Amino acid sequence: MPNLKDRKSAMTGSRPFFSNTILIALACVLVFLVWYGTRLLLVLEPEGNAKPIVLNTEAGDTYRLSFTHSVELTIWDEFFQVNGAHDMTMTHTEFSSFGWGFPYLSTDGKFSITKEGRFRLDMNRPYSKVPLRISEQAMQKIIHKDASYDLIALYGQGSAVTIHALRRYEYWFQQF
């Protein structure tokens with residue numbers, strides 16, 4: 001038997017299909033924004049009006065701060081792990097020679113020698129942020145994943161730079 005009842009026209013009210021589709025689309029957009037906004041960033045934030053460097057990162061990622069020691073003139077590398085927002089750990093440092101200002105106490109950490117002949121000091125020191133003062137003599141660089149960022153070329157002599165691990169939404173709020 002055919003259904004001979006009159007159907008309501010689309011003009012008499014919204015159809016459930018369209019209202020449900022819009023709600024589902026809005027829910028999907030909201031879920032995406034929450035997911036995207038909570039991703040971790042490694043932010044190199046300079047003082048003043050200079051543009052920050054913003055790097056995508058995840059918990060467990062590492063980065064390295066490399067510089068030349070001002071007295072010994074040897075390369076020093078500090079290795080950091082991102083644990084979460086406002087939570088980084090300096091896991092260890094490597095350097096080529098003992099000398100002026102280098103760690104030497106057993107309380108500084110556990111010493112070992114790498115297969116390349118460099119000294120390694122395991123530290124596991126927590127940081128919420130890492131402040132730096134850029135110097136032409138030290139020639140600081142940040143190495144994250146496969147990219148290297150020369151801080152003296154980016155920000156110049158004497159600039160202060162702070163390294164933060166932030167959620168993307170925190171970075172957005174700082175910018176606005």
Side-chain angles (χ1 to χ4, degrees), residues 36-175:
Y36 187 71
T38 57
R39 300 296 91 203
L40 280 173
L41 299 173
L42 192 62
V43 179
L44 283 64
E45 183 177 11
E47 66 185 350
N49 295 328
K51 184 178 178 183
I53 296 173
V54 180
L55 308 169
N56 292 315
T57 194
E58 294 179 11
D61 281 353
T62 60
Y63 68 93
R64 179 178 66 178
L65 173 60
S66 182
F67 59 93
T68 302
H69 189 275
S70 62
V71 176
E72 295 295 317
L73 302 178
T74 57
I75 300 296
W76 184 291
D77 293 308
E78 295 177 337
F79 296 82
F80 292 84
Q81 178 175 325
V82 176
N83 303 316
H86 311 284
D87 184 8
M88 298 176 284
T89 302
M90 185 192 313
T91 58
H92 65 283
T93 186
E94 292 182 4
F95 48 95
S96 300
S97 68
F98 284 104
W100 186 260
F102 285 97
Y104 61 93
L105 298 174
S106 60
T107 56
D108 289 329
K110 180 185 171 207
F111 279 104
S112 60
I113 298 177
T114 67
K115 58 185 171 185
E116 295 85 19
R118 295 185 78 197
F119 298 101
R120 178 181 166 127
L121 179 62
D122 292 321
M123 305 171 99
N124 294 316
R125 291 185 180 164
Y127 289 86
S128 60
K129 60 185 174 182
V130 179
L132 302 169
R133 180 69 65 179
I134 307 305
S135 158
E136 287 180 2
Q137 190 172 12
M139 297 299 294
Q140 294 101 327
K141 291 187 289 188
I142 298 289
I143 296 96
H144 179 259
K145 299 188 179 176
D146 292 327
S148 179
Y149 303 89
D150 182 353
L151 298 180
I152 195 74
L154 291 166
Y155 300 120
Q157 171 69 22
S159 296
V161 175
T162 304
I163 303 170
H164 301 274
L166 301 172
R167 298 275 180 209
R168 189 177 305 273
Y169 72 86
E170 292 175 302
Y171 177 71
W172 288 341
F173 288 145
Q174 284 181 357
Q175 298 306 303

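The shown structure was predicted, so the numbers you read here are calculated from the model rather than taken from an experiment.
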Measuring from [X]:[atom1] to [Y]:[atom2], what's the distance to the nearest 0.5 Å?
X: Q175; Y: W172; atom1: CD; atom2: CH2; answer: 12.0 Å
X: I143; Y: L65; atom1: CD1; atom2: CG; answer: 8.0 Å
X: I163; Y: L151; atom1: CD1; atom2: CG; answer: 7.0 Å
X: N83; Y: M88; atom1: CG; atom2: CE; answer: 9.0 Å
X: L44; Y: L132; atom1: CG; atom2: CG; answer: 8.0 Å
X: L154; Y: K141; atom1: CG; atom2: NZ; answer: 12.5 Å

Compare all side-chain heavy atoms of [X] with those of [Y] and state whether any distance is below 4.5 angstrom.
X: L40; Y: E58; result: no
X: T68; Y: I75; result: yes
X: L166; Y: H86; result: yes
X: E94; Y: F79; result: yes
X: N56; Y: R168; result: yes
X: T62; Y: R64; result: no
X: D77; Y: F95; result: no
X: L55; Y: T57; result: no

Side chain of [X], backbone of [Y]: donor and acceptor closer than 3.5 Å?
X: E136; Y: Q157; value: no
X: Y155; Y: K51; value: yes
X: S128; Y: D87; value: no
X: Q140; Y: R133; value: yes

Subject >> By ring-ring contact (aromatic ring centres under 6.0 Å, His included) - contacts of F80 (at least two apart) >> reply: Y63, Y127
Quick check: closest heavy atoms across [X] and [Y], and the distance to 0.1 Å?
X: P52; Y: P46; answer: CA-CD, 3.7 Å
X: E170; Y: A85; answer: OE1-CB, 3.9 Å
X: G84; Y: A165; answer: O-CB, 3.5 Å

**OP:** Could you walk me through whether E116 and T114 pass side chain to side chain donor-acceptor pair (under 3.5 Å), step by step?
**Re:** CA-CA 5 Å; E116 295 85 19; T114 67; 3.2 Å; yes
**OP:** Assess whether side-chain contact (heavy atoms from CB on, under 4.5 Å) is satisfied between N124 and T91, documenting all intermediate values.
**Re:** CA-CA 4 Å; N124 294 316; T91 58; 4.1 Å; yes
**OP:** Give every residue pair that meets the ring pair (Phe, Tyr, Trp, His ring centres under 6.0 Å) criterion with at least one member in residues 40-62, sequence neighbours excluded.
**Re:**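 Every pair satisfying ring pair (Phe, Tyr, Trp, His ring centres under 6.0 Å) with a residue in residues 40-62: there are none.
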Subject >> Those residues that, when tested against K145, pass salt bridge (Lys or Arg N to Asp or Glu O under 4.0 Å) (two or more places apart) >> reply: D61
**OP:** Show your working on side-chain contact (heavy atoms from CB on, under 4.5 Å) between E45 and Q174 and close with a plain yes or no.
**Re:** CA-CA 11 Å; E45 183 177 11; Q174 284 181 357; 4.1 Å; yes
